[in-house]
Amino acid sequence: MPTKGLSLHIGLNRVDSKHYGGWDGQLTACEFDAKDMAALCKARGFTPQLLLTPSATAAAVTGALRQAATKLQSGDVLVLSYSGHGGQVPDTNDEEPDGTDETWVLYDRQLVDDELYALWGKFKPGVR
């Protein structure tokens, strides 16, 4: 069976300020970063998916990763790129030595590293 290659590229030039206490997280070129990474991956035979600013919600990102986990088999490859703000929130399960979890700042909320860790666990062994 041939190796499958999927890629997911997330780029946020701003966030929805109503979810961040009025802060809009304005950035300049994150969507360009995501588009450039998608083009690189497509040129190498990957099937890219883009999630840009308003479509880069927590539900869209987690859904895309769950979908990739169902499609990819051992030996297949997922390329993931994120361009946007990162953040930190208080650790709620006492597993971080510094007391904070790291996050991706998505359009509608922060996605916590613990959530990403759980998503990685949905991939079959051998997916790279």
Side-chain angles (χ1 to χ4, degrees):
M1 179 196 273
T3 299
K4 226 185 273 179
L6 301 177
S7 65
L8 174 61
H9 309 283
I10 305 160
L12 291 109
N13 284 351
R14 63 181 173 79
V15 297
D16 186 349
S17 62
K18 71 181 173 204
H19 294 285
Y20 289 96
W23 176 72
D24 70 1
Q26 191 71 35
L27 292 167
T28 304
C30 296
E31 287 189 4
F32 290 129
D33 292 342
K35 290 175 184 177
D36 287 346
M37 290 300 296
L40 287 170
C41 287
K42 186 174 183 176
R44 284 157 183 77
F46 286 81
T47 302
Q49 179 179 358
L50 278 166
L51 293 174
L52 304 176
T53 303
S55 65
T57 63
V61 170
T62 58
L65 289 171
R66 281 189 189 99
Q67 186 176 34
T70 65
K71 290 181 177 181
L72 297 173
Q73 303 297 320
S74 181
D76 292 341
V77 177
L78 172 69
V79 174
L80 173 68
S81 67
Y82 172 82
S83 184
H85 286 287
Q88 291 183 313
V89 295
D91 177 26
T92 59
N93 59 359
D94 296 322
E95 42 79 47
E96 298 282 353
D98 67 354
T100 59
D101 281 308
E102 282 63 46
T103 68
W104 286 348
V105 177
L106 297 177
Y107 188 72
D108 59 341
R109 73 171 179 87
Q110 294 184 72
L111 187 65
V112 179
D113 59 6
D114 294 339
E115 294 175 273
L116 287 168
Y117 181 77
L119 288 165
W120 306 144
K122 295 187 180 303
F123 285 85
K124 293 172 185 71
V127 173
R128 300 172 287 147

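Since we're looking at a predicted model, the values are computed, not measured.
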Find out whether [X] and [Y] are in side-chain contact, i.e. whether some heavy atom of one side chain is under 4.5 Å from a heavy atom of the other.
X      : Y      : value
His19  : Arg109 : no
Leu116 : Leu111 : yes
Lys4   : Leu72  : yes
Pro48  : His9   : yes
Tyr82  : Leu51  : no
Tyr20  : His85  : no
Lys35  : Leu52  : yes

List the atom of [X], the atom of [Y], and the distance in Å for their closest heavy-atom pair.
X      : Y      : value
Ile10  : Ala56  : CG2-CB, 4.0 Å
Leu65  : Phe123 : O-CZ, 3.6 Å
Leu78  : Ala68  : CD1-CB, 4.3 Å
Gln73  : Thr70  : NE2-O, 4.1 Å
Ala60  : Ser55  : CB-O, 3.2 Å
Gln110 : Gln88  : OE1-N, 4.1 Å

_I need the Thr57 OG1 to Leu12 CG distance, nearest 0.5 Å._
9.5 Å
*Val105, Leu50: one ILVMFWY side-chain cluster at the under-4.5 Å cut-off?*
no
*Under 4.5 Å between side-chain heavy atoms, hopping through other hydrophobics if needed: is there a path connecting Val112 to Leu106?*
no
*With Gln49, which residues qualify under side-chain hydrogen bond (donor to acceptor under 3.5 Å, both in side chains), at least two apart?*
none
_Can you confirm whether Lys124 is buried at NZ, in the sense that more than 12 heavy atoms of other residues, nucleotides or ligands lie under 6.0 Å from that atom?_
yes
*After noting the C-alpha distance and the side-chain angles of Asp101 and Tyr117, does the key distance pass the side-chain contact (heavy atoms from CB on, under 4.5 Å) rule?*
CA-CA 12 Å; Asp101 281 308; Tyr117 181 77; over 6 Å; no
Answer yes or no: is there a donor N or O on one side and an acceptor on the other, between the side chain of [X] and the main chain of [Y], under 3.5 Å?
X      : Y      : value
Asn13  : Glu31  : yes
Asp76  : Val127 : no
Asp108 : Ala58  : yes
Thr103 : Gly87  : yes
Arg128 : Gly75  : yes

_Residues in ring-ring contact (aromatic ring centres under 6.0 Å, His included) contact with Trp120, at least two apart in sequence or another chain_ = none
*Just one of Thr47, Val79, Leu80 clears the side-chain contact (heavy atoms from CB on, under 4.5 Å) bar with Leu6, so which one?*
Thr47
